[in-house]
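These notes concern the structure reproduced below.
In the text below, chain A, chain B and the rest are named by the order of the sequence lines, each starting its count at 1.
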2 protein chains.
Amino acid sequence: MTESAVLASAAPAAACSHTGTVARFFRALADPTRLRLLEFILRGERTSADCVEHAGISQPRVSVHLSCLVDCGYVTARRNGKKLHYSVGDPRVADLVVLARALAADNAAALDCCPRIGQE
Amino acid sequence: MTESAVLASAAPAAACSHTGTVARFFRALADPTRLRLLEFILRGERTSADCVEHAGISQPRVSVHLSCLVDCGYVTARRNGKKLHYSVGDPRVADLVVLARALAADNAAALDCCPRIGQE
DNA sequence: CGGATCTATTCGCCTACCCGCATAGTATGG
DNA sequence: CCATACTATGCGGGTAGGCGAATAGATCCG
């Protein structure tokens, strides 16, 4: 790792990450299937098989969604034998979801009528 | 308004809003243009003209995005003379954005490489 | 090694949604 | 009231990203 790379990763860069990156971060939660999976994993470590059963869609689709959640830093994967186990390490993820749920609940009526966003 | 409707709006329904609704809520922030507008308004009350200039897209498009943010409960509109002024009333909105920015910053590298989500 | 699981990738299709442009609607001030 | 901002809607086109189905790749156990 170069010196500048070390500095870059050490610096939080927090104040100024690009808006596009943050939008992509939100996009990961903007799909009902992924959000459902994340909240499922939030309640405890889950295997892929657990997730497939819970999501009610094909294994390949679930694999893609879980990869996405991992890439975006929401969950981490741990291999144990043949199986992968997924869990949420960062407690801020739960905070984010709880906060969003509270806000969404307070605006559910208007939200459900917003014609600019698909009906489900 | 019916009695049951009154009860429904009085009850927070907080604990159990449907996942689809929350996903729709996130979807509003999943677009870079809308997120950019929200963060702009978060820094102070803005007119539509301010927003058009800041966003760099056409007035009709900005109008649609602002309507979406209003519908989803992120911002409120106030008319003063001919102009509409937009602002963020609920402080939790700022909390949500700050929290998401912090998480996104800590995963920026992986996020930018996630092939499941478009490159911008 | 070889078969049995478990997980990831590719393909084609289809819908959601963003954009610019043109136009319609609405509130205010003279 | 009417002209003039200001704001919202409709349309056509393009791209992102969701889905199922088929298949390829990994990993472990005997």
Which nucleotide wins on minimum distance to the side chain of [X], given the candidates [options]?
X        : options                   : answer
Arg27(B) : dA8(D), dA16(C), dA22(D)  : dA16(C)
Ser63(B) : dT7(D), dT7(C), dG17(D)   : dT7(D)
Pro60(B) : dC19(D), dC21(C), dG18(D) : dC21(C)
Arg79(B) : dC18(C), dT7(C), dT7(D)   : dT7(D)
Arg34(B) : dG18(D), dC18(C), dT7(D)  : dC18(C)
His65(A) : dG29(C), dA8(D), dC19(D)  : dC19(D)

Sugar-phosphate, base or nothing in reach of Ser67(A), heavy atoms under 4.0 Å: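 It contacts nothing in the nucleic acid.
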
Sugar-phosphate only, base, or nothing, as touched by Leu66(B) at under 4.0 Å among non-hydrogen atoms: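 Nothing, no heavy atom under 4.0 Å.
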
Could you state the atom-to-atom distance from [atom1] of [X] to [atom2] of [N] in whole Å?
X         : N       : atom1 : atom2 : result
Glu53(B)  : dT7(D)  : CD    : P     : 14 Å
His85(B)  : dT28(C) : NE2   : P     : 12 Å
Asp31(B)  : dA16(C) : CG    : P     : 17 Å
Leu69(A)  : dG17(D) : CG    : C1'   : 15 Å
Arg78(A)  : dT7(C)  : CZ    : P     : 12 Å
Lys83(A)  : dC6(C)  : NZ    : P     : 6 Å
Arg61(A)  : dT7(C)  : CZ    : P     : 17 Å
Ile117(A) : dA16(D) : CD1   : C1'   : 16 Å

Of Val64(A) and Lys82(A), the one whose closest DNA chain D nucleotide lies more 5':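 Its nearest nucleotide being more 5', the pick is Val64(A).
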
Nearest-nucleotide comparison on DNA chain D, the residue closer to the 5′ end among Asn80(A) and Arg116(A):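 Result: Arg116(A).
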
Does [N] have its OP1 or OP2 closer than 4.0 Å to a side-chain nitrogen or oxygen of [X]?
X        : N       : answer
Ser58(B) : dG20(C) : yes
Thr47(B) : dT7(D)  : no
Ser48(B) : dT7(D)  : yes

Arg78(A), CZ: over 12 other non-hydrogen atoms inside 6.0 angstrom: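 It does: Arg78(A) CZ has more than 12 such atoms within range.
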
Student check: side-chain heavy atoms of Leu103(B) and Cys72(A) closer than 4.5 Å: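 Leu103(B) vs Cys72(A): side chains apart.
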
Side-chain donor or acceptor of Arg24(B) paired with backbone N/O of Leu111(A) under 3.5 Å: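 Yes; at least one donor-acceptor contact below 3.5 Å.
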
Identified side chain to side chain contact (heavy atoms under 4.5 Å, CB included) partner of Tyr74(B) from the options Leu29(B), Val88(B), Val97(B), Leu66(B):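 Of the listed residues Leu29(B), Val88(B), Val97(B), Leu66(B), the side chain to side chain contact (heavy atoms under 4.5 Å, CB included) partner of Tyr74(B) is Leu29(B).
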
Check ion pair Arg92(B)-Asp106(A) (N to O, under 4.0 angstrom):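 So Arg92(B) pairs with Asp106(A) through a salt bridge.
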
Cluster link Leu99(A) to Leu35(B), ILVMFWY, side chain under 4.5 Å: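 Yes.
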
